[in-house]
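Working notes for the structure below.
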Amino acid sequence: MSPRLTVPLDFQRLGPDAMRSRAEELLEQVRTRRSVREFSSEPIPMEVVERCIELASTAPSGAHQQPWTFALVTDPALKRRIRAAAEEEERANYGGRMNDEWLDDLAPLGTDADKPFLEHAPCLIVLFRQAWGELPDGTRKQHYYTQESVGIAAGFLLASLHLCGLATLTHTPSPMGFLAEVLGRPENEKAFLLIPVGYPAEGCEVPALERKRLEQVLVRR
Ligand code: IYR
């Protein structure tokens with residue numbers, strides 16, 4: 001067993017008024033996040049994206065194994081290959097793999113099998129879940145709660161990109177097996193989300209959707 005080492009907790013305690021105004025301010029900022037499907041090709045400051053990936057990588061994880069890899073794709077040829085492979089899967093999805101109820105549920109979003117944003121967005125982040133680890137001798141190391149861990153990291157990533165002024169889409173072309181292949185990732189890495197990042201296209205519109213109110217999502221006991 002490895003020894004348990006500790007360090008003092010770095011924790012900033014705020015007064016109740018500061019806490020309230022921080023919560024209001026954050027909610028106002030986060031409320032405007034939307035899934036964007038029309039991106040401008042304008043370049044973005046990539047160091048901001050890298051900082052947000054670093055931020056996402058501070059997420060808690062099962063046994064602190066940090067079971068994630070963020071593949072940052074800017075190469076136009078790779079983006080083109082990803083678009084072509086995603087559209088091939090989506091043609092099969094929209095052409096029959098998704099049932100009528102599913103297609104009806106998606107109608108308000110206006111999605112279809114065409115995914116031009118995969119080429120237009122200046123970068124794509126492919127978030128991989130490491131289903132198991134690889135020890136230096138090549139043997140497998142078990143990982144724990146990888147879905148939960150990577151899901152939390154994804155939330156950190158989407159929120160931080162938005163707060164830094166960048167638009168994102170949470171995209172899940174399915175199945176996503178082609179991503180590990182195109183990006184040359186090892187067998188233990190399973191694509192979890194494909195996130196185009198950039199500025200919205202000029203005049204971008206998004207579906208008129210309403211969010212559930214607090215009273216619909218909160219139960220107090
Ligand atoms: N993956 C498809 C379909 C799709 C499914 C759900 I659930 C969405 O919320 C949105 C789209 C696509 O990307 O078009």
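Just so you know, ligand 1 is whichever comes first in the structure, and atom 1 is the first atom listed for that ligand. In this text, all values refer to a predicted model and were calculated from it rather than measured experimentally.
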- Can T172 be said to touch ligand 1, with heavy atoms closer than 4.0 Å? yes
- Query: Counting only heavy atoms, which portion of L106 has something under 4.0 Å from ligand 1: side chain, backbone, both, or neither?
  - Reply: side chain
- Using atom types as modelled and distance alone, determine if a side-chain donor or acceptor of T139 lies under 3.5 Å from a backbone N or O of L135. no
- Item | R34 side chain near H162 side chain, heavy-atom distance below 4.5 Å | no
- Say whether Y144 and Q142, considering side chains only, have a donor N or O and an acceptor N or O under 3.5 Å apart. yes
- Please write down residue, atom name and distance for the protein heavy atom closest to atom 3 (C) of ligand 1. Y94 OH, 3.4 Å
- Per-atom contacts, ligand 1 versus E90 - under 4.0 Å to a heavy atom: 1 (N), 2 (C), 12 (C), 13 (O)
- Where ligand 1 meets K115 - atom numbers and elements under 4.0 angstrom, heavy-atom basis: 12 (C), 13 (O), 14 (O)
- Message: Taking S174's backbone N and O only, do any of them form a donor-acceptor pair with R97's side chain (distance below 3.5 Å, no angle check)?
- Response: yes
- Pair R91 + E88: basic N to acidic O under 4.0 Å: no
- Message: What protein heavy atom lies closest to atom 13 (O) of ligand 1? Include the residue and the distance to one decimal.
- Response: H171 CE1, 3.0 Å
- Separation between CG (N93) and OG1 (T111), nearest 0.5 Å, reads 10.5 Å
- Note on the structure: A student checking ligand 1 against W102 at a 4.0 Å heavy-atom cut-off should list atoms 5 (C), 7 (I)
